J.: 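Could you have a look at this structure, given as C-alpha cells, before my questions?
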Amino acid sequence: MRQAPRPLAIIGPTGTGKSQLALDVVEHLSGEVDAEIVNADAMQFYRGMDIGTAKLPVDERRGIPHHQLDVLNVTQTATVARYQRAAAADIEAIAARGAVPVIVGGSMLYVQSLLDDWTFPATDPAVRARWEQRLAEVGAGALHAELARRDPAAAAAILPTDGRRTVRALEVVELTGQPFAASAPRIGAPRWGTAIVGLDCETTILDERLARRTETMFAHGLIDEVRGLLREGLRDGVTASRALGYAQVLAALDADDPDALRDAQELTFVGTRRYVRRQRSWFRRDHRVHWVDVGEATGSDRARIVADTLRAWRHVP
C-alpha cells in the first residue's frame with residue numbers, strides 16, 4: 001500500500017512570511033505531488049477577521065485549498081481541543097487523497113496540540129463555574145496572581161490579562177493536584193512524521209516588518225472592520241474580542257477619542273512585538289524544528305527559503 005505523504009509544518013513568529021512561503025512551497029511541489037494548506041493561526045478561524053489577522057484573501061491563495069479558515073463566528077470561543085480534532089481530520093483526509101498536508105501558523109498551543117497529539121485533562125463544570133465566578137469577582141489580574149501562588153510556572157506562561165486560560169489552569173491544578181504543565185504535551189516524535197520548519201530573522205528586521213504590517217492593517221481599514229464586526233457580536237466573543245489589533249481598536253472606540261484611535265496602532269505594534277517574543281521562546285525549546293533564517297525574504301532569498309524548507313521536508317532522520 002502506498003505510504004501517505006509526510007506533512008510539513010511551517011511555524012514561527014508573526015510577520016516572518018509563513019503564509020507566502022506555504023504558497024511558494026505548494027506551487028513548487030505541484031509538478032510532483034498535490035498539497036493543501038491547514039491553518040494553525042487561531043484568530044484566522046474567525047469569519048470577517050481578515051485585515052487584522054493578515055488572512056490571505058481567496059483570490060491570493062493561488063487556487064490552493066485552505067482548511068481551518070473562517071470556521072467560527074466571532075461570538076464563538078476558539079478552543080485547542082476543537083481545533084485539534086478538526087485539523088487532525090483535515091490532515092488525515094488530505095493525506096488519504098495522496099496530497100501533502102502543509103500546516104501553517106504561529107498559535108503555539110494549537111500547533112503543539114496537533115503535532116504532539118495532546119490528551120486534554122478532564123473538565124468539571126462545577127469547578128470551572130466556581131473559578132469563573134471568582135474571575136468575575138476579582139478580575140483577571142487578581143486571579144492570575146492567585147495562580148502564581150499555586151503554580152508559578154503556569155502563571156509565567158499565561159498573560160495576566162488572559163482570564164480564560166487562567167481559569168482553565170486553576171481548574172486543572174485543582175482537579176489533578178499537579179501543576180498545569182504536567183498536562184502539557186511531551187515533545188517526542190511528531191505526529192504523522194511531520195517535518196517542522198521554523199521561520200525567523202534578526203529582531204531589528206522583524207520589528208521593522210511588524211511596524212509596516214501594523215501600519216498597513218490600519219491604513220487598509222482595520223478600524224472599519226472592527227466596527228462591522230461589532231454588529232456581528234464581536235464584543236461578546238471571548239477569544240475574538242481579545243485578538244491583537246481588535247482589542248486595541250475596541251478599547252479606542254469605547255474611549256470615543258480620536259487620539260485613542262491613533263494610539264491603537266502603536267499599542268497593536270507593541271502588543272504584537274511582545275507576542276513575538278513569547279512565540280520565539282515557545283518554539284525555540286522544540287529541538288525538532290529546522291530553523292530557516294528568512295532575512296529580507298526578497299529575490300534570491302525567497303528561492304533559498306523554499307529550497308531549505310523542501311530539503312527539511314524530504315529529509316527523514
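The shown structure was predicted, so the numbers you read here are calculated from the model rather than taken from an experiment.
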J.: Taking side chain as C-beta onward, heavy atoms only, is Val276 less than 4.5 Å from Gln279?
T.: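 With C-beta onward as the side chain, the pair touches.
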J.: Do Arg191 and Ile91 come close enough that some side-chain heavy atom pair is under 4.5 Å?
T.: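 No. Closest side-chain heavy atoms not under 4.5 Å.
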J.: Decide yes or no for Trp313 and Leu29: does some side-chain heavy atom of the first lie under 4.5 Å from some side-chain heavy atom of the second?
T.: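 Yes; the side chains approach each other to less than 4.5 Å.
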J.: If every non-hydrogen atom of Leu234 is compared with every non-hydrogen atom of Tyr246, which pair is closest and at what distance?
T.: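 Reported closest heavy-atom pair: CD2-CD2, 4.5 Å.
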J.: Please determine whether a side-chain nitrogen of the Lys or Arg among Asp24 and Arg62 lies less than 4.0 Å from a carboxylate oxygen of the Asp or Glu.
T.: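 Answer for the salt bridge query: yes.
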J.: At what distance, to the nearest 0.5 angstrom, does CG of Leu170 lie from CG of Leu175?
T.: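 Nearest 0.5 Å value for the CG-CG distance: 11.0 Å.
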J.: With a 4.5 Å cut-off on side-chain heavy atoms, are Val292 and Arg304 touching?
T.: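 A side-chain contact under 4.5 Å exists here.
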J.: I would like to know whether Arg165 and Leu109 meet side-chain contact (heavy atoms from CB on, under 4.5 Å); could you show each step before the answer?
T.: CA-CA 11 Å; Arg165 286 190 63 207; Leu109 283 172; 3.4 Å; yes
J.: Does atom CD of Glu202 have more than 12 heavy-atom neighbours from other groups under 6.0 Å away?
T.: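 Not more than 12 within 6.0 Å, no.
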J.: In terms of side-chain geometry, is the basic nitrogen of Arg212 or Glu215 positioned less than 4.0 Å from the acidic oxygen of its partner?
T.: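 Here Arg212 does not pair with Glu215 in a salt bridge, since their nearest N and O are not under 4.0 Å apart.
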J.: Counting distance only, does the side-chain N/O of His144 pair as donor-acceptor with the main-chain N or O of Ile158 below 3.5 Å?
T.: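 At least one qualifying donor-acceptor pair exists.
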J.: Compare all side-chain heavy atoms of Val306 with those of Leu21 and state whether any distance is below 4.5 angstrom.
T.: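 Side-chain contact under 4.5 Å: yes.
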J.: Are Val270 and Leu222 connected into the same hydrophobic cluster when the rule is that any two of I, L, V, M, F, W, Y join if their side-chain heavy atoms are below 4.5 Å apart?
T.: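 The answer is no; the residues belong to distinct hydrophobic clusters.
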J.: Would you indicate whether the side-chain heavy atoms of Val138 and Glu146 approach each other to under 4.5 Å?
T.: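 The answer is no; the side chains never approach within 4.5 Å.
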J.: Measuring only between side-chain heavy atoms, which start at C-beta, is Leu261 closer than 4.5 Å to Leu253?
T.: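 Sidechains of Leu253 and Leu261: in contact.
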J.: Please determine whether a side-chain nitrogen of the Lys or Arg among Arg209 and Asp200 lies less than 4.0 Å from a carboxylate oxygen of the Asp or Glu.
T.: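 No, this pair does not count.
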J.: For a side-chain contact (heavy atoms from CB on, under 4.5 Å) check, start with the C-alpha distance between Val111 and Trp282, then their side-chain angles and the critical distance, and finish with the verdict.
T.: CA-CA 11 Å; Val111 170; Trp282 181 282; over 6 Å; no
J.: Locate the shortest heavy-atom distance separating Gln265 from Thr214; write the atom from each residue and the value.
T.: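 Looking at all heavy atoms of both residues, the closest pair is O-CG2, 3.5 Å.
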J.: Report yes or no: does Glu36 contribute a side-chain atom to a donor-acceptor pair with the main-chain N or O of Ile94 at less than 3.5 Å?
T.: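 Flag not set: sc Glu36 to bb Ile94 has no pair under 3.5 Å.
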J.: Which heavy-atom pair separates Ala243 from Met43 by the least distance, and what is that distance?
T.: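 Of all heavy-atom pairs spanning Ala243 and Met43, the closest is CB-SD, 3.4 Å.
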J.: Yes or no on side-chain contact (heavy atoms from CB on, under 4.5 Å) for Ile103 and Leu115, after CA distance, side-chain angles and deciding distance?
T.: CA-CA 10 Å; Ile103 304 155; Leu115 298 184; 3.9 Å; yes
J.: So do the side chains of Tyr275 and Met108 get within less than 4.5 Å of each other, counting heavy atoms only?
T.: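 In contact.
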J.: Output yes when Lys18 and Asp41 qualify as a salt bridge under the 4.0 Å nitrogen-oxygen rule, no when they do not.
T.: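 Salt bridge: no.
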J.: Determine, stepwise, if the pair Asp151 / Arg168 fulfils salt bridge (charged side-chain N to carboxylate O under 4.0 Å, His left out).
T.: CA-CA 12 Å; Asp151 188 345; Arg168 177 56 174 156; over 6 Å; no
J.: Can you confirm whether more than 12 heavy atoms, excluding those of His28, are under 6.0 Å from its NE2 atom?
T.: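 It does not: His28 NE2 has 12 such atoms or fewer within range.
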J.: Please test Arg280 against Thr203 for side-chain hydrogen bond (donor to acceptor under 3.5 Å, both in side chains), starting from the C-alpha separation and ending with a verdict.
T.: CA-CA 11 Å; Arg280 276 183 170 153; Thr203 298; 3.0 Å; yes
J.: Using a 3.5 Å distance criterion without hydrogens, assess whether the side chain of Gln68 forms a donor-acceptor pair with backbone atoms of Ala40.
T.: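 It does not hold such a pair.
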J.: Using every non-hydrogen atom in the two residues, find where Arg61 and Leu23 come nearest and quote the distance to one decimal.
T.: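 Heavy atoms of Arg61 and Leu23 come nearest at O-CD2, 3.7 Å.
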J.: Examine distances only and state if a side-chain atom of Gln248 and a backbone atom of Gly245 form a donor-acceptor pair shorter than 3.5 Å.
T.: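 Yes.
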J.: Taking Val33 as the starting point, is it possible to reach Val197 by hopping between hydrophobic residues whose side chains are less than 4.5 Å apart?
T.: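 Val197 clusters together with Val33.
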J.: What's the separation between atom CG in Leu143 and atom CG in Asp162, rounded to the nearest 0.5 Å?
T.: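 Here the rounded value is 11.0 Å.
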J.: Tell me, please, whether Trp131 has Arg128 positioned over its six-membered ring: NZ or CZ under 6.0 Å from the ring centre and within 45 degrees of its axis?
T.: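 Negative - Arg128 is either too far from the ring of Trp131 or too far off its axis.
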J.: According to a 4.5 Å side-chain heavy-atom criterion applied to Ile, Leu, Val, Met, Phe, Trp and Tyr, with indirect links allowed, do Leu56 and Ile37 form part of one hydrophobic cluster?
T.: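 In one cluster: yes.
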J.: How long is the span from the NE2 atom in His66 to the CG atom in Asn39, to the nearest 0.5 Å?
T.: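 Going from NE2 on His66 over to CG on Asn39, the span is 8.5 Å.
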J.: Cluster question for you: counting only ILVMFWY and a side-chain heavy-atom cut-off of under 4.5 Å, with indirect links fine, are Leu210 and Leu267 together?
T.: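 Not linked; separate clusters.
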J.: I'd like to know whether Ile196 forms a side-chain contact (heavy atoms from CB on, under 4.5 Å) with Ile11, so could you lay out the CA-CA distance, the side-chain angles of the two residues, the decisive distance to 0.1 Å, and finally the verdict.
T.: CA-CA 7 Å; Ile196 310 173; Ile11 65 169; 3.6 Å; yes
J.: Is there a donor in the side chain of Tyr46 and an acceptor in the side chain of Gln76, or the other way round, less than 3.5 Å apart?
T.: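 No.
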J.: Pick from Met49, Gln44, Arg82: which one makes a side-chain contact (heavy atoms from CB on, under 4.5 Å) with Leu72?
T.: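 Per the side-chain contact (heavy atoms from CB on, under 4.5 Å) rule, the option paired with Leu72 is Arg82, out of Met49, Gln44, Arg82.
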J.: With rounding to the nearest 0.5 Å, note down the distance linking CD in Glu225 to CE in Met217.
T.: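 Those atoms lie 9.5 Å apart.
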J.: So how far is it from Asp263 CG to Asp257 CG, rounded to the nearest 0.5 Å?
T.: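 Nearest 0.5 Å value for the CG-CG distance: 8.0 Å.
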J.: Quick one: does Thr268's side chain have a donor or acceptor within less than 3.5 Å of a partner on Ala264's backbone?
T.: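 Checked: pair present.
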J.: Would you call Arg47 and Glu232 a salt bridge, using N to O less than 4.0 angstrom?
T.: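 Looking at Arg47 and Glu232, the cut-off is not met.
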J.: So, for Ala99 and Pro101, which heavy atoms are closest and what is the spacing to 0.1 Å?
T.: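 For Ala99 and Pro101, the tightest heavy-atom pair comes out as O-CD, 3.4 Å.
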J.: Check for me, please, whether Leu69 and Ile51 land in the same ILVMFWY cluster - side-chain distances under 4.5 Å, paths through other members count.
T.: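 No, Leu69 and Ile51 fall in different hydrophobic clusters.
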J.: Check for me whether the distance between the ring centres of Phe45 and Tyr110 falls short of 6.0 Å.
T.: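 Centroid separation for Phe45 and Tyr110: below 6.0 Å.
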J.: Which atoms form the tightest heavy-atom contact between Val289 and Phe283, and what is the distance?
T.: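 Of all heavy-atom pairs spanning Val289 and Phe283, the closest is CG2-O, 4.1 Å.
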J.: Quick one: CD1 on Ile305 to CG on Leu199, what's the gap to the nearest 0.5 Å?
T.: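 So the CD1 of Ile305 and the CG of Leu199 are separated by 7.0 Å.
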J.: If we ignore hydrogens and angles and just use 3.5 Å, is the side chain of Thr194 paired with the main-chain N or O of Ala9 as donor and acceptor?
T.: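 No; judged by distance alone, with no hydrogens or angles, the pair does not exist.
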